[in-house]
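Worth knowing before you read on, the calculation uses all heavy atoms, side chains too, and leaves out hydrogens, waters and symmetry mates. Every chain is numbered from 1, with letters handed out A, B, ... down the list of sequences.
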Protein chains: 2
Amino acid sequence: MVVRQQERTELDDREVDRIFQALADSTRRDVVVRVLGDSERGQSVSSLASHYAMSFAAVQRHVAVLERAGLVRKERRGREQIVRGDVTTVRAAARLLAEYEELWRGRVTRMEQILAEPEGDDS
Amino acid sequence: MVVRQQERTELDDREVDRIFQALADSTRRDVVVRVLGDSERGQSVSSLASHYAMSFAAVQRHVAVLERAGLVRKERRGREQIVRGDVTTVRAAARLLAEYEELWRGRVTRMEQILAEPEGDDS
DNA sequence: GTAACGTACAACAACATGGTTGTACGTCAG
DNA sequence: CTGACGTACAACCATGTTGTTGTACGTTAC
């Protein structure tokens, strides 16, 4: 059940969509900060929910979005679900943005494959 | 040509929302890649649009989303709008994710300290 | 001037998102 | 067992997103 993903650098378009979309909400970013900052023990969903001015169900769904994006993992402990941050995914996203930066600097990384086209065929 | 901009490090929650949401779409990420990779000349909106299997209006709105997020800027040149990537915003987002990583490592999140770090200490 | 080009924007439909409440169910404490 | 706790999920509503087409308007080419 533990999917052995070994520090994948390559991310599928859909995965990247999910990661950035998950990060595009301040509540969810706050959850990420909380669980990354407490990655040893983790936090139950309800203890997370207690911090926000919204229903438990809403927070639960935010956590589900984060989980679907791979930014957090949940682990059952008795009747609680312990949420822990997955720094691997954060790192992958950071790396992608770093590649964009490199692109801007003119150092062509692996991005030319994404572009797939030599420039100059248009206008 | 290295534009020494103000390099804001602090981002409003809403701004971060917009940045990540703008990045949560593969077409828009592709636009960012194209204009960052061609930051000298820039690209008109229609030359960008020619690469995608969707209407010009759709691409135009994608560009508008990127502009609202501060990831690109538009500059009028005759009847064209030249789109250029704004690496500052990309960098700000990357930095935010780097802070999350630091948080995970247990290093206290002193922002100035993190930002002052020279690159390349990653192991 | 006229035609084509590049852009802007509104209206519309389909779908996704983010919140709510209500219900259900397993687990722990008594 | 019973009741409280923690979680899961469905239904619902309001709003936002993403594509479409159509129209309008300034700019460039002829």
Is the distance from OP1 or OP2 of [N] to the nearest side-chain N or O of [X] less than 4.0 Å?
{"X": "R79(A)", "N": "dA29(C)", "value": "no"}
{"X": "Q60(A)", "N": "dT7(D)", "value": "no"}
{"X": "Q81(B)", "N": "dG6(C)", "value": "no"}
{"X": "K74(A)", "N": "dA8(D)", "value": "yes"}
{"X": "S46(B)", "N": "dT7(C)", "value": "yes"}

>> Judged by each residue's nearest nucleotide on DNA chain C, which is more toward the 5′ side, I82(B) or V59(A)?
In response: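 Closest to the 5' end, via its nearest nucleotide, is I82(B).
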> DNA chain C: R76(A) or A24(A), which has the more 5' nearest nucleotide?
Replying inline: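 Residue closer to the 5' terminus by nearest nucleotide: A24(A).
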Measure [atom1]/[X] against [atom2]/[N] and give the value in whole Å, please.
{"X": "D25(A)", "N": "dG16(D)", "atom1": "CG", "atom2": "P", "value": "14 Å"}
{"X": "M54(B)", "N": "dT17(D)", "atom1": "CE", "atom2": "C1'", "value": "13 Å"}
{"X": "H62(A)", "N": "dA8(D)", "atom1": "NE2", "atom2": "P", "value": "15 Å"}
{"X": "Y52(B)", "N": "dT18(D)", "atom1": "OH", "atom2": "P", "value": "15 Å"}
{"X": "R77(B)", "N": "dT7(C)", "atom1": "CZ", "atom2": "P", "value": "10 Å"}
{"X": "Q21(A)", "N": "dC15(C)", "atom1": "CD", "atom2": "P", "value": "17 Å"}
{"X": "D17(A)", "N": "dT17(D)", "atom1": "CG", "atom2": "C1'", "value": "13 Å"}
{"X": "E80(A)", "N": "dA8(D)", "atom1": "CD", "atom2": "P", "value": "11 Å"}

> Which part of the nucleic acid, if any, lies within reach of R28(B) when heavy atoms closer than 4.0 Å are counted: base, sugar-phosphate only, or nothing?
Replying inline: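 Sugar-phosphate, no base atom in range.
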> Base, sugar-phosphate alone, or nothing: which one does S44(A) contact when heavy atoms must sit under 4.0 Å apart?
Replying inline: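 Since only primed, P, OP1 and OP2 atoms lie under 4.0 Å of S44(A), the category is sugar-phosphate.
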>> In this structure, would V87(A) and I82(A) fall into the same cluster of hydrophobic residues linked by side-chain contacts under 4.5 Å?
In response: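 No, separate clusters.
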> How long is the span from the CZ atom in R68(B) to the CD atom in Q21(B), to the nearest 0.5 Å?
Replying inline: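 Output value for this atom pair is 7.5 Å.
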Closest listed nucleotide, where the reference is the side chain of [X] and the choices are [options]:
{"X": "F56(B)", "options": "dT7(D), dT7(C), dG18(C)", "result": "dT7(C)"}
{"X": "A57(A)", "options": "dT7(D), dT7(C), dC9(D)", "result": "dC9(D)"}
{"X": "R61(A)", "options": "dT18(D), dG19(C), dT20(D)", "result": "dG19(C)"}

>> Quick test of your reading of the model: are R18(A) and E15(A) salt-bridged, counting only N-O distances below 4.0 Å?
In response: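 The answer is no: the pair does not qualify as a salt bridge.
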> Should the pair R14(B)-D17(B) be classified as a salt bridge under the 4.0 Å nitrogen-to-oxygen rule?
Replying inline: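 Result for this pair is no, no salt bridge flagged.
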> Given side chains that start at C-beta, do those of R29(B) and V31(B) come closer than 4.5 Å, heavy atoms only?
Replying inline: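 Result no, sub-4.5 Å side-chain heavy-atom pair not found.
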